[in-house]
Amino acid sequence: MSDGKAQSAAAPFDADLEEQLGSIVGDSHLLVDPDVVASYESDWTGRFRARARCVVRPGSTAQVAAVVGACRAAEVAVCVQGGNTGLVGGSVPVPGSVVLSTLRLDEIEPIDEVAGQVTVGAGRTLASLQQVVRPAGFDVGVDFAARESCTVGGMASTNAGGERVLRYGTMRAQVVGVEAVMPDGSVVTRLAGLPKDNTGYDLVSLLSGAEGTLGVITRLRLRLVPWFVARAVALVAVEGVSEAVELVRAARQLPSLEAAELFFPAGLDLVCRHAGVNPPFAAAHPAYVLLECADRDDPSDDLLAALEAAGDIVSDATVATDARGRHALWAYRESHTESINAEGIPVKLDVAVPLAALPEAVAKLPTAIEAVAPRARLILFGHVNEGNLHVNVLDALDDDEAVTEAVLKLVASYGGSISAEHGVGRAKREWLSLSRSTEEIAVMRSIKSALDPAGLLNPGVLL
């Protein structure tokens, strides 16, 4: 899938631009070989793809600014790409564009242990950042399964959520400063990380969640959270979504509660088949909730007490406190994505509904999808506390637009969001009005037009 509107705006090929880009980043970091460039032209799912003009891999903010300036002068679109783990086509190039990879922007400054903050390059992966800060007693407040590949810049650009939103909030809550190259090639640097600073518009927050449409984030200052070594994980079988919501409502009384994940038998069956693991319980159950608690002292007694207090809500449960056991229980949830992709290319939709509406929305999803794609297979999982569902529909690529519309309209009918974590990208932009008013979209367009009047930065994304 490509963006035809952006293709019509692409400039004619001019070898002078490639020569200029090579002089900026070095010839070894200008990629023009089609076989090499191909790995940057498709998203992680394989659903979105387009032919790029070339790939540049700048190694500094100054080089990013020079690349953006050169492309602006040549009227060539720039598409920003981090770990390329997005699921809405936001990091895929438009035809004829220059892909700007941030992966070389991976420097990290010494941890500011007094403030509990760290300044890091946008291209550093989440896992490598965790490896640096954890020995110092700190952690990153956001975590999810793509940690080995996703970059902190991409996480900020999409306001990523993941498994710890319940305790620490989304990525926007972790970002206290940014450095970014604006569409005109100028550089905005705001990295002090002051907890109180009421001097006008919050540019840091504006760039977080803008999906690279307003500027290229090159460095970030992140607040850090404590790294708790003492952890306990429970996998709980329940009779349905209503029971899952009630269980999490009760578990929220635990200050140590860090994650509350939800999945169902269809997804569990795929995980057992593709990951080669045995089912967690002797009998199948309608729904499963994974809870994790983390604290300075062993939280397992508190977690067990919470499960006992839940009474009949709990059909069965298993608890692990050692690292191996915790990893084994998490694998039932975190192996969902790779197991789904092993079955084929899914239509993936990340949505959220008010928590009170979650049981009814889950119950209606199969019927809504079957009405437009009778042979489709629905695999659901998500983050219970936020009413966040990852809707994966297999065997439905021929009906992807109809499936998308059916799911998003159902979500909107409950006052939900068409995108809870991954952004709007190109996949959902025509349905943005389901979650944003005409007036809000007009304001967003005004901001985009003011900062990027030529529309050359991530064209076709979000708007």
- Query: Does D143 have any side-chain hydrogen bond (donor to acceptor under 3.5 Å, both in side chains) partners at least two apart in sequence or in another chain, and if so, which?
  - Reply: Q130, R147

- May I ask you to check whether over 12 heavy atoms, not counting those of R326, lie within 6.0 Å of atom CZ? yes

- Derivation and outcome, side-chain contact (heavy atoms from CB on, under 4.5 Å), residues F228 and C293: CA-CA 9 Å; F228 297 119; C293 291; over 6 Å; no

- Hey, is the main chain of T213 close enough, under 3.5 Å, to the side chain of K448 for a donor-acceptor pair? yes

- Distance col, row D106:CG vs T125:OG1, nearest 0.5 angstrom, shows 8.5 Å

- Would you find more than 12 non-hydrogen atoms of other residues, nucleotides or ligands less than 6.0 Å from D112 atom CG? yes

- Does any N or O in the side chain of R426 come within less than 3.5 Å of the main-chain N or O of L463, such that one atom is a donor and the other an acceptor? no

- So, do P183 and L214 sit near enough that their side-chain heavy atoms are less than 4.5 Å apart? no

- Would you check, one step at a time, whether the test side-chain contact (heavy atoms from CB on, under 4.5 Å) holds for V175 with R223? CA-CA 6 Å; V175 181; R223 78 175 180 101; over 6 Å; no

- Task: Measure the shortest side-chain to side-chain distance between R252 and N385 over non-hydrogen atoms and say whether it is less than 4.5 angstrom.
- Result: yes

- Would you say the side-chain atoms of R219 pair up with the backbone N or O of L105, donor to acceptor, closer than 3.5 Å? no

- What residues, two or more places apart in sequence or in another chain, satisfy salt bridge (charged side-chain N to carboxylate O under 4.0 Å, His left out) together with R231? E258, E292

- Is there a donor-acceptor contact under 3.5 Å from the side chain of E246 to the main chain of S242? no

- Query: Distance from L207 atom CG to N159 atom CG, nearest 0.5 Å?
  - Reply: 12.5 Å

- Query: Do any N or O atoms from the side chain of S335 and from the backbone of Y332 form a donor-acceptor pair under 3.5 angstrom?
  - Reply: no

- Task: State which residues pass side-chain hydrogen bond (donor to acceptor under 3.5 Å, both in side chains) with R436; sequence neighbours excluded, sorted by chain then number.
- Result: none

- Member of Q174, E179, Q117 meeting the side chain to side chain donor-acceptor pair (under 3.5 Å) criterion with R221: Q117

- Would you give the length of the straight line joining atom CZ of R57 to atom OG1 of T102, rounded to the nearest 0.5 angstrom? 12.0 Å

- Return the set of residues passing side-chain hydrogen bond (donor to acceptor under 3.5 Å, both in side chains) with D184 (not counting sequence neighbours), or none when no residue passes. S186

- Would you check if the distance from the ring center of H336 to the ring center of H390 is below 6.0 Å? no

- Can any side-chain N or O of R429 pair as donor or acceptor with the backbone N or O of L462 at less than 3.5 Å? no

- Task: Before accepting this row, confirm whether a basic side-chain N of the pair E18/R53 lies closer than 4.0 Å to the acidic partner's carboxylate O.
- Result: yes

- Message: Run L378 and L380 through side-chain contact (heavy atoms from CB on, under 4.5 Å) and show every step you take.
- Response: CA-CA 6 Å; L378 172 63; L380 283 176; 4.1 Å; yes

- Task: For H383 and E163, test the side chains for any donor-to-acceptor distance below 3.5 angstrom and give the result as yes or no.
- Result: no

- Item | Heavy-atom side-chain proximity of W330 to V233 below 4.5 angstrom | yes

- Are a donor atom and an acceptor atom from the side chains of E360 and Y414 found within less than 3.5 Å of each other? yes

- Task: Dump the intermediate steps for salt bridge (charged side-chain N to carboxylate O under 4.0 Å, His left out) on D139 and R164, then the final yes or no.
- Result: CA-CA 12 Å; D139 200 9; R164 297 181 178 178; 2.6 Å; yes

- Just how far is it from atom NE2 of H29 to atom CG of L103, taken to the nearest 0.5 Å? 11.5 Å

- Can you see which heavy atom on R333 is nearest to which on G382, and at what distance? NE-O, 4.3 Å

- Query: Does atom CZ of R172 have more than 12 heavy-atom neighbours from other groups under 6.0 Å away?
  - Reply: yes

- Sequence-distant partners of F264, ring pair (Phe, Tyr, Trp, His ring centres under 6.0 Å), two or more places apart: none

- Message: Is it the case that the side chains of S157 and E211 hold a donor-acceptor pair, with the cut-off being a distance below 3.5 Å and no angle test?
- Response: no

- Using the test salt bridge (charged side-chain N to carboxylate O under 4.0 Å, His left out), find all partners of R445 that sit at least two apart in sequence or belong to another chain. none

- Message: Treating S205 as the side-chain partner and D202 as the backbone partner, does any N or O pair qualify as donor plus acceptor under 3.5 Å?
- Response: no

- Item | E386 side-chain N/O to V165 backbone N/O, donor-acceptor pair under 3.5 Å | no

- What are the two closest non-hydrogen atoms of C54 and L21, and how far apart are they? SG-CD1, 4.0 Å

- Any sub-3.5 Å donor-acceptor pair from D350's side-chain atoms to A420's backbone N or O? yes

- Task: Without swapping roles, check the side chain of N392 against the backbone of K348 for a donor-acceptor pair under 3.5 Å.
- Result: no

- Non-hydrogen atoms of G169 and V142 that approach each other most closely: O-CG2, 3.9 Å

- With side-chain contact (heavy atoms from CB on, under 4.5 Å) as the test, would you mind laying out the steps for V133 and W227 before giving the verdict? CA-CA 9 Å; V133 302; W227 168 235; over 6 Å; no

- From L303 atom CG to D295 atom CG, the distance as rounded to the nearest 0.5 Å: 12.0 Å

- Between L394 and I340, what is the shortest heavy-atom contact and its length? CD2-O, 3.7 Å

- Rounded to the nearest 0.5 Å, how far does CD1 of I24 lie from OG of S60? 10.0 Å

- Atom CZ of R51: over 12 foreign heavy atoms under 6.0 Å: no

- Message: Check this for me: D27, atom CG, are more than 12 non-hydrogen atoms of other residues, nucleotides or ligands nearer than 6.0 Å?
- Response: no

- Item | Basic-acidic side-chain contact under 4.0 Å: E41, R49 | no

